2 protein chains.
Amino acid sequence: MQTEKAKTKPADDKREKLLEAALGLFETRGYDGVAVPEIAAKAGVAVGTVYRYFETKDALVNALYRSLKQSYNTAVLAPIEPGLPTREIFSLYWQRMTLFARENPRAIRFMDLHHHGAYLDDESRALSKTYAKAAESFVRDGRRRGDIRDLDPVMVVALMWGAAAGLTKFSASGSLKFDAHASDAMEDALWRAIAND
Amino acid sequence: MQTEKAKTKPADDKREKLLEAALGLFETRGYDGVAVPEIAAKAGVAVGTVYRYFETKDALVNALYRSLKQSYNTAVLAPIEPGLPTREIFSLYWQRMTLFARENPRAIRFMDLHHHGAYLDDESRALSKTYAKAAESFVRDGRRRGDIRDLDPVMVVALMWGAAAGLTKFSASGSLKFDAHASDAMEDALWRAIAND
DNA sequence: CAGAAATGAATGAACGTTCATTCATATCGG
DNA sequence: CCGATATGAATGAACGTTCATTCATTTCTG
């Protein structure tokens with residue numbers, strides 16, 4: 001039904017334009033700080049059109065959250081060649097995280113700001129669980145092999161997400177350049193933080 | 001005029017009750033997610049009373065932000081005995097941060113959520129600057145002495161605040177116990193992340 | 001020209017803010 | 001001491017505005 005052919009099918013895809021506009025607004029001001037008519041204006045459509053594509057404002061944020069979290073999960077949790085050493089698996093995960101963060105800083109800020117919103121539905125929340133589970137199993141495996149120190153997996157997730165989100169936010173405020181070099185320097189620091197020896 | 005004698009002077013200090021109620025509400029739902037009448041209700045006063053103590057809703061958040069950030073700065077940036085080795089200065093700062101975070105988790109979440117709010121005035125923002133300056137000078141000194149690796153001070157701040165805020169948030173969601181042991185484990189990890197050798 | 005898509009004025013609920021009114025307490029005159 | 005008077009903290013109904021949402025109408029499209 002959706003995205004069947006690429007031939008100017010849905011005119012100019014207002015749904016996509018609405019999600020894009022919503023991201024640009026929600027990312028800095030949050031769900032309650034943005035009015036629906038403003039989203040419509042930024043997307044270049046009338047207010048009523050918003051409700052042709054989304055049942056409610058809640059449905060719109062959830063669709064946006066799901067879309068971004070889905071992309072993020074797909075990018076970061078892509079299959080990893082079996083048998084790789086822990087250090088290289090770590091590097092791969094971190095590279096994927098920061099590549100995504102540098103290409104989609106607004107997505108990172110939006111997710112960081114809305115992770116705990118009461119308007120998120122069960123399906124949106126489920127995507128966060130998927131990510132947490134994957135992260136925890138990486139830490140558990142690394143510990144089993146003796147490569148990672150005796151740390152609570154949740155602490156490692158807190159450290160890594162905090163670092164990536166922090167770099168993204170400080171980069172947005174201009175006090176830091178979040179380039180490949182910064183990413184590598186942080187990878188080095190983070191690995192020292194969690195590695196044995 | 002205020003706090004002259006301890007004799008039931010300001011009745012039950014409604015200003016304090018309003019700030020306390022506002023913290024409990026803003027901390028999870030953010031500035032735009034909370035209505036003034038709701039704050040009044042939680043504080044046990046009438047709506048109009050809010051405006052006897054604060055000119056606007058904006059003034060209320062700013063007063064709250066200033067009060068919390070002030071407490072935080074005072075606790076963390078207290079004078080440090082001169083001549084202490086970098087490792088011990090680091091430990092002291094981290095201990096102060098996590099002690100404050102564990103005693104005032106709502107303050108941490110509130111600050112983390114409102115740091116970049118457009119409603120914050122210059123005086124509120126100035127308090128963030130004070131903190132950033134202190135953190136940067138610690139990193140610079142440590143680097144000069146050769147104890148800290150060649151890292152952007154902003155990256156160290158991102159790492160440390162991210163870790164403390166992350167622990168606070170995951171602790172609130174029940175997936176982690178933010179006790180003295182967790183704090184010590186994280187201190188160890190963070191020091192490995194930034195230390196030379 | 002028929003059906004789908006898009007529009008934006010209209011709607012009622014909820015928002016931040018105001019202010020006429022109340023009333024417990026303080027001050028005073030005798 | 002006591003009744004009269006003055007005070008200002010506290011109240012909550014009411015105000016204008018803005019919000020999310022609806023829907024009668026117009027504009028596209030095949």
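Since we're looking at a predicted model, the values are computed, not measured. Lettering follows sequence order; numbering is per chain, from 1.
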Selected nucleotide, minimal atom distance to Tyr51(A) side chain, candidates dT11(D), dA20(D), dT17(C): dA20(D)
Do the non-hydrogen side-chain atoms of Val157(A) and Phe170(B) ever get within less than 4.5 Å of each other? yes
Gap between atoms CD and P, on Glu16(B) and dA9(D) respectively (whole Å): 18 Å
Min side-chain heavy-atom separation Leu18(B)-Val45(B) under 4.5 Å: yes
May I have the distance from Arg15(A) (atom CZ) to dA4(C) (atom P), rounded to whole angstrom? 20 Å
Determine: side-chain N/O of Lys14(A) to OP1/OP2 of dA5(C), distance under 4.0 Å, yes or no. no
Protein-nucleotide distance (Leu25(B), atom CG; dC15(C), atom P), rounded to Å: 12 Å
Of Thr49(A) and Val36(A), whose nearest nucleotide on DNA chain D comes first from the 5' end? Val36(A)
Categorize Val50(B) for me: base, sugar-phosphate, or nothing, with a 4.0 angstrom heavy-atom threshold over every strand shown. nothing
Just N and O in the side chain of Lys57(A): are any of them under 4.0 Å from OP1 or OP2 of dT21(D)? no
Quickly work out the Tyr119(B) OH to dC15(C) P distance and round it to whole Å. 17 Å
Tell me whether the side-chain N/O atoms of Tyr53(A) come closer than 4.0 Å to OP1 or OP2 in dA6(C). yes
Which nucleotide sits closest to the side chain of Arg52(B): dT21(D), dG12(D), dG8(D)? dG8(D)
Please check if the side chain of Asn73(A) supplies one atom and the backbone of Leu127(A) the other of a donor-acceptor pair under 3.5 Å. yes
Side chains of Asp32(A) and Tyr31(B) in contact at under 4.5 Å (non-hydrogen atoms): no
Rounded to whole Å, CG of Asp32(B) lies from P of dA14(C) at a distance of 18 Å
Rounding to a whole Å, what distance do you find between Phe54(A):CZ and dA5(C):P? 15 Å
Nearest-Å distance for atom pair CG/C1', residues Asp13(B) and dA9(D): 14 Å
In whole Å, what is the span from the CD1 atom of Ile39(A) to the C1' atom of dG8(C)? 17 Å
How long is the span from the NZ atom in Lys57(A) to the CZ atom in Phe26(A), to the nearest 0.5 Å? 5.5 Å
Nucleotide nearest Ala35(B) when distance is taken to its side chain, options dG16(C), dT17(C), dT21(D): dG16(C)
